[in-house]
Asks: 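Sharing a structure, written as C-alpha cells. Questions coming.
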Amino acid sequence: MGTSELLITIDRGSQVPLQQQICDQVAAAVGTGRLRPGEVLPASRELARQLGVSRTVVLRAYQLLGANGVLTGQQGSSTRIADSAAERLSPGRSAKVALVPQPPVPTRGGALWRPWDLDVKGRRPDIDFRHDSPALNHFPLARWRRSLDNVHTRADALSLGYGPAEGSPALRDEVSRLVRRSRGLDASPDRVLITSGATQAMDILARVLVGPGDVVVIEDPSHTVLRQIFGISAGSVVPVPVDEEGLRVEDIDGYVRAAGHDPARVRLVYLTPSHQFPTGVVMSRERRAAMLDWARDRRAVVLEDDYHNEFSGTEGRLQALAADDTHGSVVYVGSFSKTLYPALRIGYAILPPRLIRPFLGVKWITDRLTPTVMQEALADFIAIGAFDRHISRMSRLYRVRRQRLVAALDEFFGDGARVSGAGAGLHVLVRLAAARGAGEQDIRLRATARGVKVYPASGYFIESPPDEPTFLMGYATLPESAIHEGVRLLRAAALGEPR
C-alpha cells in the first residue's frame, strides 16, 4: 500500500489535462526534495478518491511518470519514486513531464487491459463452465452442408471473384428481414453492411468516428476485447458504471469530466442494452430513451451491440434500441458467432445513411470483402427457414440448461449465491457470499483441482470490482448432469472442503 496522503491540488478550470496536472506536481515535488527516491506513492484507487477524479486519470499519470523515469513499479506492487528521479528533476532542470502519446496497443499495466481468463496448467477440465461458445455439437451440419452445396452448384466466375465490399445482396436482404421480424428494426438492405464478425464492425466505427482528443464511452464492467479495440483508437476511453437498469446515462458527462475531457468530445458510446456483458442486465425503457436523447443532444453515435438477443428466457423483451432511433444516432451491430458458430466470422452493421460511405471505405481498404460463398450459403440457410428452426431448438435447450444451473446454485449455495443475467444469453454472473473468505483465484484453483473450470469476473470491472468472489458461468455447452455435478464441486472448492 502507498502513503495515505499526497499533496496535490487539482484545478478543474485549467486547460491543462488532469493527468498532466498530477504529473507536473509529482515531478515538482521530486525536484524540490519533498518526494525522495524509494518513497511509496498512494495506490491509484486511493489517490483518485482523494482528488475526486477517475482512477483512470491517476493510472495514466502514473504511467506517464513511469515512462519518463520518475516512478517505478509493476502491476500488483507499490508505486515508488525511481532512484534516478531526483537527478532527472533536480533544481535547474525542467520539472515538467511531457504528456507523451499513449502506446498504440494497451499494455498489461493499463486499467483497460486485464486478462479475463488466466490459464491453469494441468489436465483438461472435466466440466468447463465456459461462457463464450454455443453448443456446437447441436449445430445442424447436414443442413448447412446442403446450403453450401447449393451455392457451389450455381457458382460462376463472377461469384468466385471479388464480391462487393458491402456484402452479398442476398445476405443483406435476409439480414434486413431478420432484424425487422425479430428486433423491430425496419432497415432497408442498403443500410446493412456485412463484416468479418462484430469485432470488425466496432474497429471500423472507431476508425471512422474517433480522432485525437475525442472520447469513447464504454460500459463498466465490459469485455476486455472491446476495451482493447477502442483502446488502440486515436481517442480516450472513459468507462461509465452499469447498474440494474443499464448504463447510467445521467452520469456520462460527470465521468467524462472527471477523466479530464469535455463531454462535447464524446463521439461513440458502446452499449449492450439487450443483455449487458457480463452482468446480463437489460437496459430499461427509461434509460433507452435517455440514451437516445443524450446522443442526439451531443451529436454522438451509439454503437448497439445486440449481444445474445436471440436467446431470451423472458417474456415481452424489448425491441432493439436502434428501432426507436429517429435521428440517425445508433449503429446496430450483430453477429452469427453465437447463433451458428464462431469460425463462420460473419457479422453485420446497420448504419445511418451518413455513415455508410465512410464505413464502406475503411472496409474496402482493410480487407476488400467478407468471403462471398459463405455469405451466399448463410443467405440460403436463412431463406429456407433453417436458421429460425435452429434458433428455436437452441433457445429451448439453453432455457433448460439455464434453469438447471440456477436451480443447482440454489440447491448447493442457497442465499450464499446471488445470480444475475438469468433472463437471457449463454451465461449468468454469480456472486459467492458463502466462500468463507476465499478469493476468486483461490476458488478457481481449488475448482480446477477438482476438474471444474470457472471464470473469475473481476477482470471485466474497471473501477469497482466486486467485493465478493464473482464468476461468469456458462451453461450452453454442458449437459444437465454435468451442470449439477459442476456446481456441487464448486461449492466444495468455495468452502475449502477436503477432496
Asks: For Thr470, does its backbone N or O pair with a side-chain atom of Glu440 as donor and acceptor, under 3.5 Å?
Replies: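 Here the side-chain-to-backbone pair exists.
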Asks: Let's go through Ile346 and Gln375 carefully: what are the C-alpha distance in whole Å and the side-chain angles of both, what is the deciding distance for side chain to side chain contact (heavy atoms under 4.5 Å, CB included) to 0.1 Å, and is it a yes or a no?
Replies: CA-CA 8 Å; Ile346 293 181; Gln375 291 184 58; 4.2 Å; yes
Asks: I need the Arg227 CZ to Ile232 CD1 distance, nearest 0.5 Å.
Replies: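 Here the rounded value is 14.5 Å.
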Asks: For residues Tyr255 and Pro241, determine if any side-chain heavy atom of one lies less than 4.5 Å from a side-chain heavy atom of the other.
Replies: yes
Asks: Under the 3.5 angstrom rule, does the side chain of Arg55 hit a backbone N or O of Glu463 as a donor-acceptor pair?
Replies: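 Pair absent, no side-chain N/O of Arg55 close to backbone of Glu463.
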Asks: Can you check whether Gly328's main-chain N or O pairs, donor with acceptor, with Arg354's side chain at less than 3.5 Å?
Replies: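 Here the side-chain-to-backbone pair exists.
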Asks: Can you check whether Leu490 reaches Phe413 side chain to side chain, under 4.5 Å on heavy atoms?
Replies: yes
Asks: Do Ser420 side-chain atoms and Thr279 backbone N/O form a donor-acceptor pair below 3.5 Å?
Replies: yes
Asks: Do the side chain of Asp325 and the main chain of Val330 share a donor and acceptor less than 3.5 angstrom apart?
Replies: yes
Asks: Suppose the criterion is salt bridge (charged side-chain N to carboxylate O under 4.0 Å, His left out): which pairs have a residue in residues 199-208, not counting sequence neighbours?
Replies: Asp203-Arg207
Asks: Just wondering, do Leu51 and Ile22 contact through their side chains at under 4.5 Å, heavy atoms?
Replies: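 Counting from C-beta outward, Ile22 and Leu51 do come under 4.5 Å.
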Asks: Look up atom CZ in Phe359 and atom CG in Leu351, then write down how far apart they are to the nearest 0.5 Å.
Replies: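 It is 5.5 Å, given to the nearest 0.5 Å.
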Asks: Is there side-chain contact between Met291 and Leu247, with at least one heavy-atom pair below 4.5 Å?
Replies: yes
Asks: Taking Leu171's backbone N and O only, do any of them form a donor-acceptor pair with Ser168's side chain (distance below 3.5 Å, no angle check)?
Replies: yes
Asks: Atom CD of Gln200 and atom CG of Leu193: how far apart are they, to the nearest 0.5 Å?
Replies: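 Going from CD on Gln200 over to CG on Leu193, the span is 10.0 Å.
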Asks: Are Arg130 and Asp132 ion-paired here, with the side-chain N under 4.0 Å from a carboxylate O?
Replies: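 Answer for the salt bridge query: yes.
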Asks: Tell me every residue that passes side-chain hydrogen bond (donor to acceptor under 3.5 Å, both in side chains) with Asp262, counting only those two or more places apart in sequence or in another chain.
Replies: none
Asks: Restricting to non-hydrogen atoms, name the atom on Ser274 and the atom on Asp306 that form the minimum distance, rounded to 0.1 Å.
Replies: OG-OD1, 2.5 Å
Asks: Decide if the gap between the ring center of Phe336 and the ring center of Tyr341 is smaller than 6.0 angstrom.
Replies: no
Asks: Does Glu219 reach the main-chain N or O of Ser222 with its side chain, forming a donor-acceptor pair under 3.5 Å?
Replies: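 Between the backbone of Ser222 and the side chain of Glu219 there is no qualifying donor-acceptor contact (under 3.5 Å).
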Asks: For Arg36, does the CZ atom sit with more than 12 other heavy atoms under 6.0 Å from it, leaving out its own atoms?
Replies: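 Atom CZ in Arg36 is not crowded, with 12 or fewer foreign heavy atoms closer than 6.0 Å.
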Asks: Just by modelled atom types, is the Thr9 backbone N or O under 3.5 Å from a matching donor or acceptor in the Gln25 side chain?
Replies: yes
Asks: For the residue pair Val331 and Ala349, what are the closest heavy atoms and their distance?
Replies: CG1-CB, 4.4 Å
Asks: Listed by chain and number, what are the side-chain hydrogen bond (donor to acceptor under 3.5 Å, both in side chains) partners of Glu468, not counting sequence neighbours?
Replies: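 Testing Glu468 for side-chain hydrogen bond (donor to acceptor under 3.5 Å, both in side chains), a comparison that skips the adjacent residues, returns Arg418.
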Asks: Please identify which of these residues, Phe129, Phe471, Phe277, meets the ring pair (Phe, Tyr, Trp, His ring centres under 6.0 Å) condition with His427.
Replies: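 Checked Phe129, Phe471, Phe277 against His427; only one passes ring pair (Phe, Tyr, Trp, His ring centres under 6.0 Å): Phe277.
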Asks: Where is the tightest heavy-atom contact between Val40 and Arg80, given as atom of each residue plus distance?
Replies: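 Scanning both residues completely, I find the closest heavy atoms to be CG2-NH1, 3.0 Å.
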Asks: For Thr370, what residues pass the side-chain hydrogen bond (donor to acceptor under 3.5 Å, both in side chains) criterion, not counting sequence neighbours?
Replies: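 Thr370 satisfies side-chain hydrogen bond (donor to acceptor under 3.5 Å, both in side chains) with Ser196, Lys363 once adjacent residues are dropped.
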Asks: I'd like to check the side-chain contact (heavy atoms from CB on, under 4.5 Å) partners of Arg287; sequence neighbours left out, ordered by chain and number.
Replies: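 Asp243, Glu245, Arg248, Val249, Glu250, Met283, Ser284.
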Asks: Short question: side chain of Asp186, backbone of Arg180 - any donor-acceptor pair under 3.5 Å?
Replies: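 Here the side-chain-to-backbone pair does not exist.
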Asks: Nearest heavy-atom pair of Pro465 and Arg45: which atoms, and what distance?
Replies: CD-NH2, 3.7 Å
Asks: Between CG of Asp214 and CG of Leu209, what distance do you get to the nearest 0.5 Å?
Replies: 9.0 Å
Asks: If you round to the nearest 0.5 Å, how far is CH2 of Trp364 from CZ of Arg357?
Replies: 14.0 Å
Asks: Going through the distances and angles, do Arg288 and Leu318 end up as a side chain to side chain contact (heavy atoms under 4.5 Å, CB included)?
Replies: CA-CA 10 Å; Arg288 291 169 185 243; Leu318 299 176; 3.3 Å; yes
Asks: Ignoring hydrogens and angles, tell me if any N or O in the side chain of Ser236 forms a donor-acceptor pair with the backbone of Val215 under 3.5 Å.
Replies: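 Between the backbone of Val215 and the side chain of Ser236 there is no qualifying donor-acceptor contact (under 3.5 Å).
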Asks: Under a 3.5 Å threshold, yes or no: a donor from one side chain and an acceptor from the other, between Asp305 and Thr272?
Replies: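 Side-chain D/A pair, Asp305 to Thr272: absent.
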Asks: Would you say Val266 and Arg298 make side-chain contact, with heavy atoms under 4.5 Å?
Replies: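 They are not in contact (no side-chain heavy atoms under 4.5 Å apart), so the answer is no.
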Asks: Just so I know, are the side chains of Val26 and Asp24 near enough to count as touching, which here means a heavy-atom distance under 4.5 Å?
Replies: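 Counting from C-beta outward, Val26 and Asp24 never come under 4.5 Å.
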Asks: Do other residues, nucleotides or ligands put more than 12 heavy atoms under 6.0 Å from Asp467 CG?
Replies: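 Atom CG in Asp467 is not crowded, with 12 or fewer foreign heavy atoms closer than 6.0 Å.
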Asks: For Ala198 and Gly334, which heavy atoms make the closest approach, and how far apart are they?
Replies: CB-O, 4.2 Å
Asks: Between Val53 and Ala258, what is the shortest heavy-atom contact and its length?
Replies: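 Nearest pair, atom of Val53 first, then Ala258: CB-O, 3.8 Å.
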Asks: How would you list, by chain and number, every residue that makes a salt bridge (Lys or Arg N to Asp or Glu O under 4.0 Å) with Asp324, sequence neighbours excluded?
Replies: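 Scan of Asp324 (salt bridge (Lys or Arg N to Asp or Glu O under 4.0 Å), adjacent residues dropped) gives none.
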Asks: With a 4.5 Å cut-off on side-chain heavy atoms, are Val217 and Val256 touching?
Replies: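 Yes, their side chains come closer than 4.5 Å.
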Asks: Are side-chain heavy atoms of Glu304 and Val333 found at a separation under 4.5 Å?
Replies: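 The answer is no, as the side chains (C-beta and beyond) never meet within the 4.5 Å cut-off.
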Asks: Assess the residue pair Val302 and Tyr270 against the criterion (side chain to side chain contact (heavy atoms under 4.5 Å, CB included)); give the C-alpha distance rounded to whole Å, side-chain angles, the decisive distance to 0.1 Å, and a yes or no.
Replies: CA-CA 6 Å; Val302 177; Tyr270 174 87; over 6 Å; no
Asks: Quick check for you: to the nearest 0.5 Å, what is the distance between Ile350 atom CD1 and Arg183 atom CZ?
Replies: 10.5 Å
Asks: For Val454 and Asp128, what are the C-alpha separation, side-chain angles and deciding distance, and is it a side chain to side chain contact (heavy atoms under 4.5 Å, CB included)?
Replies: CA-CA 7 Å; Val454 291; Asp128 189 345; over 6 Å; no
Asks: Consider side chain to side chain contact (heavy atoms under 4.5 Å, CB included). Of Val210, Leu226, Ile229, Val238, which one does Val216 pass it with?
Replies: Val210
